[in-house]
Number of protein chains: 2
Amino acid sequence: MAIPLYQAKAEFFRTLGHPARIRILELLAERDHAVYELLLAIDIEASNLSQQLAVLRRAGLVMQRRESGDVVYSVNRPEVRDLLLAARVILRHLIDDQDQLREDLKASG
Amino acid sequence: MAIPLYQAKAEFFRTLGHPARIRILELLAERDHAVYELLLAIDIEASNLSQQLAVLRRAGLVMQRRESGDVVYSVNRPEVRDLLLAARVILRHLIDDQDQLREDLKASG
DNA sequence: TTTACACATGAAGAAGTATTCAACTAGCCG
DNA sequence: CGGCTAGTTGAATACTTCTTCATGTGTAAA
């Protein structure tokens, strides 16, 4: 095996690099969700949702269980919440920067 | 414009989803580096390195300046460090989980 | 057991990203 | 200025990842 660590990191970030997977994680960070709930919230095809859930499962980020009829997913690593938060902070700054740039251009042009 | 936020987040994570870019950010999180230093540390072609630096620049994560002859890069958003740290923590757990699984398999098989 | 529903999987074409090569630009020194 | 070195860019091909569709599996109710 022995995958270099920086490659594992890159793979990990790529796992997060999809709009549907981000939404899934954010919903699951709030509380556990059944598949049909995710389906209602996310607006993609059922089979696509399954694929994305499979990606997250393979990465070890979420877990599946069966509960009185339907399949319920939960976040396996609570730290995911911290990560999403850290990302949100940076993104906020990046977007502010962009807005600032736009302002400056408007003012000078 | 008006890109949904979860899409911006996904894009942001994809920006980090490349081994070379991770290494660049980690090196720059430590201290500023000239391009030739990155080149020595990372072992990819110069033009490839430039491409990856361009990706990070476009994302607004790093900055370029010229300093007595050579081009020096620095991290634009100090919070990147927090993010990389949060990722490291999760990754550590994920890898531990995997190891544990391997152990269990070995013990039971 | 048969039917029905909810979810998962495999495979294939479409879409996106990486790596490489060749050509270009910016700054520096003779 | 002319040529040199360091870094960047664009474009082409190779590689990954997405999305969709057809099919498979599991559970529950009839």
Side-chain angles (χ1 to χ4, degrees), chain A residues 3-4 6-25 27-28 32-76, chain B residues 3-4 6-28 31-76:
Chain A
I3 298 161
Y6 51 87
Q7 191 167 332
K9 277 183 201 164
E11 259 170 57
F12 171 69
F13 282 122
R14 261 187 283 128
T15 301
L16 303 180
H18 188 287
R21 293 198 291 267
I22 290 288
R23 298 208 65 199
I24 292 169
L25 285 177
L27 289 166
L28 295 184
D32 295 2
H33 280 70
V35 172
Y36 74 87
E37 292 179 298
L38 295 173
L39 200 50
L40 286 173
I42 296 183
D43 186 44
I44 55 178
E45 284 197 17
S47 71
N48 196 350
L49 177 59
S50 269
Q51 300 271 13
Q52 306 309 335
L53 287 169
V55 172
L56 293 173
R57 251 186 293 124
R58 263 179 256 128
L61 289 172
V62 305
M63 279 186 74
Q64 200 184 29
R65 72 175 183 275
R66 203 167 263 274
E67 202 165 86
S68 66
D70 34 44
V71 178
V72 176
Y73 275 85
S74 53
V75 176
N76 196 20
Chain B
I3 297 161
Y6 51 86
Q7 192 166 333
K9 277 181 201 166
E11 260 170 57
F12 171 69
F13 281 121
R14 261 188 283 127
T15 301
L16 303 180
H18 189 288
R21 294 198 290 266
I22 290 287
R23 298 208 64 198
I24 293 169
L25 284 177
E26 290 190 329
L27 289 165
L28 295 184
R31 62 169 178 79
D32 295 3
H33 280 70
V35 171
Y36 74 87
E37 292 180 297
L38 295 173
L39 201 48
L40 286 172
I42 295 183
D43 186 45
I44 54 178
E45 285 196 17
S47 71
N48 196 349
L49 178 59
S50 268
Q51 301 270 15
Q52 307 308 336
L53 287 168
V55 172
L56 293 173
R57 251 187 293 124
R58 263 178 256 129
L61 289 172
V62 305
M63 280 187 72
Q64 198 184 33
R65 71 177 184 276
R66 204 167 263 273
E67 203 165 83
S68 67
D70 32 43
V71 178
V72 176
Y73 276 84
S74 52
V75 175
N76 195 21

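Order of the sequence lines sets the chain letters (A, B, ...), proteins ahead of strands, with each chain counted from 1. Quick caveat, the model's predicted, so the values are computed rather than measured.
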Which whole-number value in Å describes the distance from [X] [atom1] to [N] [atom2]?
X: B/Glu67; N: C/dA26; atom1: CD; atom2: C1'; result: 17 Å
X: A/Glu45; N: C/dC7; atom1: CD; atom2: P; result: 15 Å
X: A/Leu38; N: C/dA6; atom1: CG; atom2: P; result: 15 Å
X: A/Leu53; N: C/dC7; atom1: CG; atom2: P; result: 10 Å
X: B/Leu49; N: C/dT19; atom1: CG; atom2: C1'; result: 13 Å

**Message:** Test: side chain to side chain donor-acceptor pair (under 3.5 Å). Region: residues 52-62 of chain B. Which pairs qualify, not counting sequence neighbours?
**Reply:**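 Counting only pairs at least two positions apart or across chains, the side chain to side chain donor-acceptor pair (under 3.5 Å) contacts touching residues 52-62 of chain B are B/Arg21-B/Gln52, B/Asn48-B/Gln52, B/Arg57-B/Tyr73.
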**Prompt:** NA contact type, A/Gln51, heavy-atom cut-off 4.0 Å: base, sugar-phosphate, or nothing?
**Reply:**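 Base contact - A/Gln51 has a heavy atom under 4.0 Å of at least one base atom.
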**Request:** Just call it for B/Gln64: base, sugar-phosphate, or nothing, with non-hydrogen atoms closer than 4.0 Å on any strand.
**Result:**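 Answer is sugar-phosphate: B/Gln64 comes under 4.0 Å of backbone atoms only.
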Is there any protein nitrogen or oxygen under 3.5 Å from a nitrogen or oxygen in nucleotides 15-18 of chain C, and what are the pairs?
from	atom 1	to	atom 2	distance (Å)
C/dT17	OP1	B/Arg14	NH1	2.5
C/dA18	OP1	B/Arg21	NH2	2.8

Show the atom names and distances, to 0.1 Å, of all donor-acceptor pairs under 3.5 Å that link a side chain in residues 9-19 of chain B to residues at least two apart or in another chain.
from	atom 1	to	atom 2	distance (Å)
B/Lys9	NZ	A/Glu26	OE2	2.4
B/Arg14	NE	A/Gly17	O	3.1
B/Thr15	OG1	B/Glu11	O	3.0
B/His18	ND1	B/Ala20	N	3.1

**Asked** Any side-chain heavy atom of B/Leu61 sitting closer than 4.5 Å to one from B/Leu28?
**Response**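 No, every pair of side-chain atoms sits at 4.5 Å or beyond.
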**Prompt:** Do B/Asp70 and B/Val35 have side-chain heavy atoms sitting under 4.5 Å apart?
**Reply:**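 B/Asp70 does not reach B/Val35 side chain to side chain.
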**Prompt:** For C/dC7, does OP1 or OP2 lie under 4.0 Å from any side-chain N or O of A/Arg57?
**Reply:**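 No, A/Arg57 has no side-chain N/O under 4.0 Å of OP1/OP2 on C/dC7.
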**Item:** Phosphate contact (C/dA8 OP1 or OP2) by A/Tyr73 side-chain N/O below 4.0 Å
**Value:**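 Looking at the OP1 and OP2 atoms of C/dA8, one of them is under 4.0 Å from a side-chain N or O of A/Tyr73.
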**Segment of DNA chain D, first to last nucleotide, that comes within the 4.0 Å heavy-atom reach of chain B** =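 Answer, 5' to 3': D/dG7 to D/dA11.
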**Prompt:** Taking the side chain from B/Asn76 and the backbone from B/Met63, do they hold a donor-acceptor pair closer than 3.5 Å?
**Reply:**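 Judged by distance alone, no pair lies under 3.5 Å.
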**Request:** Determine, stepwise, if the pair A/Gln64 / A/Val71 fulfils side chain to side chain contact (heavy atoms under 4.5 Å, CB included).
**Result:** CA-CA 7 Å; A/Gln64 200 184 29; A/Val71 178; 3.6 Å; yes
Side-chain polar contacts of residues 36-47 of chain A - donor-acceptor pairs under 3.5 angstrom, sequence neighbours left out - could you list them?
from	atom 1	to	atom 2	distance (Å)
A/Glu37	OE1	A/Ala34	N	2.7
A/Glu37	OE2	A/Arg31	NH2	3.3

**Item:** Nucleotide nearest A/Tyr36 when distance is taken to its side chain, options C/dC21, C/dT9, C/dC7
**Value:**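 Nearest nucleotide to the side chain: C/dC7.
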**Request:** Measure from the side chain of A/Val35, starting at C-beta and using heavy atoms only, and say which of C/dC7, C/dC21, C/dT9 lies closest.
**Result:**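 Looking only at heavy atoms from C-beta outward on A/Val35, the closest nucleotide is C/dC7.
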**Request:** Give the minimum heavy-atom separation between B/Asp32 and B/Ser74, together with the two atoms involved.
**Result:**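 Scanning both residues completely, I find the closest heavy atoms to be OD1-CB, 3.1 Å.
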**Asked** Is a donor-acceptor contact shorter than 3.5 angstrom present between the side chain of A/Ser47 and the base of C/dC7?
**Response**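 There is none.
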Can you check nucleotides 28-30 of chain C for protein contacts, nitrogen or oxygen pairs under 3.5 Å, and list what you find?
none

